[in-house]
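See structure below.
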Amino acid sequence: MEPTQDYPLFGGAFSATLPPGAIDVSDLRPVPDNQEVFCHRVTDQSLIVELLELQAHVQGEEAARYHFEDVAGVQEARAVQVEAVQPLPLENLALRGCCQEAWILSGKQQVAKENQQVAKYVTLHQALLRLTQYQTDLLLTFNQPPPENRSSLGPENLSLLPWSLGDFEQLVTSLTLHDPNIFSPQ
């Protein structure tokens, strides 16, 4: 299965290339209006695109850390570890015309799944694209839980590989704005 080119996000206001086997979570359960959430067909991996209010009180690398720690708080993470924060070159982004600053962060958060007591370390990769003229922080998150026992999968699912960091990078760099009116107050 090939990646999905130009998948519409937020009612077509954005589009991006999704990795193979991506399932739109809004087809399965309610998702907040400011989020687009996709899960892998076989693994527990997920991708989240969020439109957030610009956090002007934090700048640069600290803005990326702020959003990582904010997600940890929402997830009720028991432990948080930032492994790397790097600037993301704007020339690599389809959004380079309206993105003033971009960061990529990798880290781990110890979280328990819903209805489970045992907390596991989940690797998170986040891209923060700061769209200051729209007062928006665009946060893209790739959740990579520890691999489960793949031997329980049927042969029909073994052909679908887990998503890679390259798949996430393709999502981030392909994200395109089509309708800036999404940022207008309703």
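All residue numbers in this chain count up from 1 along the given sequence. Side-chain atoms are counted along with the backbone in the values below, which use heavy atoms only and exclude waters and symmetry mates.
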Does a side-chain heavy-atom distance below 4.5 Å link [X] with [Y]?
X: Q135; Y: E53; value: no
X: F10; Y: D179; value: no
X: I23; Y: L28; value: yes
X: T141; Y: F168; value: no
X: Y134; Y: C98; value: yes

side-chain hydrogen bond (donor to acceptor under 3.5 Å, both in side chains) partners of [X], counting only residues at least two apart:
X: E61; result: R65
X: E36; result: none
X: Q75; result: none
X: Q133; result: Q100

What residues form a side chain to side chain contact (heavy atoms under 4.5 Å, CB included) with [X], not counting sequence neighbours?
X: Q59; result: E101, R130
X: A94; result: T176
X: A77; result: A72, V80, Q109, V111
X: E83; result: Q81, K108

task = Kindly determine whether H178 and S15 satisfy side-chain hydrogen bond (donor to acceptor under 3.5 Å, both in side chains), including the steps that lead there.
result = CA-CA 8 Å; H178 300 287; S15 68; 2.7 Å; yes

request  = Begin with the C-alpha distance, continue with both residues' side-chain angles, and end with the deciding distance and a verdict on side-chain contact (heavy atoms from CB on, under 4.5 Å) for L52 and T136.
outcome  = CA-CA 6 Å; L52 302 169; T136 300; 5.9 Å; no

Could you check whether any side-chain N or O of [X] sits under 3.5 Å from a backbone N or O of [Y], counting only pairs where one atom can act as donor and the other as acceptor?
X: S174; Y: L171; value: yes
X: S164; Y: G166; value: yes
X: H40; Y: L161; value: yes
X: W163; Y: F142; value: no
X: N143; Y: Q45; value: no

Taking all non-hydrogen atoms of both residues, which atom of [X] and which atom of [Y] are closest, and how far apart?
X: L18; Y: F38; answer: CD1-CE2, 3.6 Å
X: C99; Y: L90; answer: O-CD1, 3.4 Å
X: P89; Y: P87; answer: CD-O, 3.8 Å
X: V172; Y: A127; answer: CG2-CB, 3.7 Å
X: P20; Y: D167; answer: CD-OD1, 4.4 Å
X: A16; Y: L175; answer: CB-CD1, 3.9 Å

inquiry  = Under 4.5 Å side-chain heavy-atom separation, chaining through any Ile, Leu, Val, Met, Phe, Trp or Tyr, what else clusters with V118? Say none if it is isolated.
reply    =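 None; V118 is a cluster of one.
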
ask   = Hydrophobic cluster mates of V31, side-chain heavy atoms under 4.5 angstrom, ILVMFWY only, any path?
value =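 So far as hydrophobic clustering goes, V31 is joined with V25, V37, I48.
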
key: CA sep, side-chain torsions, deciding dist, call: V71, L139, side-chain contact (heavy atoms from CB on, under 4.5 Å)   = CA-CA 10 Å; V71 168; L139 185 67; 4.1 Å; yes

task = Let me see the working for V85 and L105 under side-chain contact (heavy atoms from CB on, under 4.5 Å), right down to the final yes or no.
result = CA-CA 4 Å; V85 184; L105 179 147; 3.6 Å; yes

key: side-chain hydrogen bond (donor to acceptor under 3.5 Å, both in side chains) contacts in which one or both residues fall within residues 21-35, not counting sequence neighbours   =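 Those involving residues 21-35 are Y7-D24, D24-S26, Q35-E50.
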
query = Going by the ring pair (Phe, Tyr, Trp, His ring centres under 6.0 Å) test, which pairs reach into residues 64-112, not counting sequence neighbours?
reply =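 Matches after skipping sequence neighbours: H57-Y66.
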
According to a hydrophobic-cluster definition based on side-chain heavy atoms being under 4.5 Å apart (Ile, Leu, Val, Met, Phe, Trp, Tyr only), do [X] and [Y] belong together?
X: V49; Y: L165; value: yes
X: I104; Y: L128; value: no
X: L124; Y: V82; value: yes
X: I182; Y: L93; value: yes

task = First locate atom OG1 of T173, then atom CG of L88, and finally report the distance between them rounded to the nearest 0.5 Å.
result =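 Answer for the OG1-CG pair, T173 versus L88, is 8.5 Å.
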
query = Got a second to check how far E169's CD is from T17's OG1, nearest 0.5 Å?
reply =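 The OG1 atom of T17 is 13.5 Å from CD of E169, to the nearest 0.5 Å.
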
message = Let's go through L47 and L140 carefully: what are the C-alpha distance in whole Å and the side-chain angles of both, what is the deciding distance for side-chain contact (heavy atoms from CB on, under 4.5 Å) to 0.1 Å, and is it a yes or a no?
response = CA-CA 7 Å; L47 296 164; L140 299 95; over 6 Å; no

